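Bear in mind that the values here come from a model prediction, so they are computed numbers and not experimental data. Every chain is numbered from 1 and lettered A, B, ... according to where its sequence line falls, protein lines coming before strand lines. Worth knowing before you read on, the calculation uses all heavy atoms, side chains too, and leaves out hydrogens, waters and symmetry mates.
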Amino acid sequence: MMDRLKQMNPVFLVLLLLFVAIAILSPYFLQPTGYMNFLKRAAPIAILAVGQLYVINSGGFDLSAGALVTLTVIGSSILLDGEASATWWVILAMLGVGVTVGTVNALVVSWLRVPSIIATLGMMITLSGIALTWSGGAPRGYLPENFRFFGRFLIKDLPLIKILPVAVIVMIVVCALLWWLMHRTNYGKRLIAMGDNPKAALLAGVPLTQTRIVAFAMSSISAVIAGILLGGFAGVSTDVGVGLELQAITAAVIGGAQLLGGRGTVGATIAGALVLQAMFTLLNILGFPKPVRDVVQGLILISAVVIAGYRRRRSGG
Amino acid sequence: MINKFTATALTALVVALPAQAQNFDDPAEFAKQKDMLGATANGPAETPWLQHYGDVMADTSSFKKDGPHTICFSNAGVNNPWRVVGWNTMQAEVEQHDAIADFVVTDAEGSDDKQIADIEDLLAGGTCDALIVSPNTTAALTPAVEKACEQLPVIVFDRGVNTDCPVTFIKPVGGYGFGIQSGEFIAANAPEGSDILMLRILPGVDVLETRYSAAKRILEDAGLNIVGAEFTDGDRAKTKAIVEDYIQRGNQLGAVWMDAGATSVAAIEAFEDMGLDVPIVTGEDQQDFLQKWQEIGMNTIAPTYPTYQWRTPILAALKVLDGEAIPGPEWNLPQPAITNDNLADFVNSAMPPLHYAACGCEGMPGYPERWGGK
């Protein structure tokens, strides 16, 4: 029993403690509207973090995810301009943009041998520039109600949980698919083998470029989905994605993912995203302003890496 | 004792420094704008862009010139929806006048340096009969405007300059007036002693700072509890998150005061999505806010910074070149507030969400398509 507890990822314990603290400070969170709104706000960052985990497990970083979120929101609003009938093809087009961005990222890393942190930094700047040029710097266009459905709509009058935001359903479905691909397919095994030791993986017959393309594409697709949720949540905004890539990386690291690859699970990464959001919520209830939250996020990131390294050395893993 | 003295001296210094730079909380200007809001403007009410307060006129007989004229316009930028609506309105105004042979426009794209160069280019071109300037920032553009005044009649509008050399400076009542209108509404309608959240776009812009200082003064005097003043960068997502944060902290918000209306709908949605009654959320004359207001039946107010002020400089320039006296050195236009009583007059679902309803543009050439309407 004690052994099993010791082996359990500490992120779940931290999450439990944070929930208890929040519930004591603000009983509102024990009501369905309280915890469902919490999950709704955590949904985009959880999806982004799981997408990011694919790239982290492959041994890289995807810094372009936040800029892609912004581009999704701005691009959708300009293409749609309030036209509800166009929603579906615009969503498909944006997912297509996601696949393209991910593929380009992966090819730059694989073929041109550019470290992913630089390749995706370049992509981040490029995408921000495109979004800024396209929008002229100010929000234009409009997102129709059926586009905003995913990020905003609440299913009401349910038994037990009373309300269920559509964003939470999207989070569950997307994360379940990404969990399956990572932990129940050969692709997932190849990805982790590649992140752990690329040379050994190559010798064992893992197609590195192809594996990397899928990993970066998953990250970019998750960014597009997060963008659709965030655009739906509040409408058009020109800096909606700023800093989200760092939150996603932080969430994965809190969940115990090893930077430079080879170790990280979807479940723990989702828990890491919830820990991050719970921490923000707690600081907010305590009345701390936004800049303090940024400081705390930085401190958590460093502590998580330190603690994970310490645990790994002790366990000899 | 010494500590107390030092503290007082320091406080005095801190208070004095910004006051010297630029005073955004000037009781005299506050009182002046409050009087204007209560006064009746001169001129016919159906053309508010030609109305003005007071009787001081500027003599323009020395500028009289035979037409047709070349009118030049140095624009600070078309970088936000308010300026887009205004710019469309100004172009429509120009089309209505045969006396304007040529309308030469430069767009500074939000840069002081470019606008200074633009004005120099327009002067060097030598074809302008009158120059209209919408300055990007006040202090930086003052020397360029002073130089232009030596050569031709200059009309400044929207943001001001620190010189009285232009023939006139056209603007609505002003930022204090905006803050007074929304502040007084909240003071009269919010539950007594309730929590008020003040949301602002960004610091340091005079017309926004004065809106804030005027509203804050009124809310504090009314004994309301201002729980926070936050910057949203005009970002809807940030606005919605901030309002949700304040609700989650357990504040009983009686009103959300906004210094501009672009994110009012996001603030309203925060209450809706948390399953709460929507309290007073002030806004501006953007269609998305007005339509939401009508749809859910709110009790609120929308002060305006009317875009019809973009018509006035063209009309003023033509009068000046005809030698006709115009209100000057300041021309204050009326600044209406939209309330439940006249809301229906401004709502128009055929217009785009970020269209500013107080454009005075209905009936102009190309309406409504030119403004993005259907």
- [ ] Please state whether the side chain, the backbone, both or neither of B/A262 comes within less than 4.5 Å of a heavy atom of chain A.
- [x] neither

Open item on the list: As an exercise, state the distance from CG of B/L276 to OG1 of A/T33, rounded to the nearest 0.5 Å.
Closed with: 8.0 Å

Task: Side chain / backbone / both / neither for A/F233 at chain B, heavy atoms under 4.5 Å - done: both

Task: Test item: B/D245 side-chain N/O and A/N284 main-chain N/O as donor-acceptor pair under 3.5 Å - done: no

Task: Atom of B/R236, atom of A/G235 and distance for their closest heavy-atom approach - done: NE-CA, 3.7 Å

Open item on the list: On a heavy-atom basis, which atom in A/V240 and which in B/D235 lie closest, and how many Å separate them?
Closed with: N-OD2, 4.3 Å

Task: Which atoms of A/L230 approach chain B - backbone, side chain, both or neither, heavy atom under 4.5 Å - done: neither

TODO: Look at atom NZ of B/K114 and say whether more than 12 heavy atoms of other residues, nucleotides or ligands are closer to it than 6.0 Å.
DONE: yes

- [ ] Please look at A/F153 and chain B and tell me whether the side chain, the backbone, both or neither of the residue comes under 4.5 angstrom of a heavy atom of that chain.
- [x] neither

Open item on the list: Quick check for you: to the nearest 0.5 Å, what is the distance between B/E244 atom CD and A/F38 atom CZ?
Closed with: 12.5 Å

Open item on the list: Taking side chain as everything from C-beta outward and backbone as N, CA, C, O, which of these in B/E230 sits under 4.5 Å from a heavy atom of chain A? Side chain, backbone, both or neither.
Closed with: neither

Task: B/Q252 atom CD: more than 12 heavy-atom contacts under 6.0 Å - done: no

TODO: Measure the spacing between NZ of A/K40 and CE of B/M274 and express it to the nearest 0.5 Å.
DONE: 8.5 Å

Open item on the list: Could you report the tightest heavy-atom contact between A/A234 and B/A237, atom names first, then the distance?
Closed with: CB-CA, 3.3 Å

Task: Spacing of CD belonging to B/Q248 relative to CZ belonging to A/R41, to within rounding of 0.5 Å - done: 5.5 Å

Task: Closest-packed option against chain A by number of heavy-atom pairs under 4.5 Å, given B/G275, B/A241, B/P352, B/A266 - done: B/A241

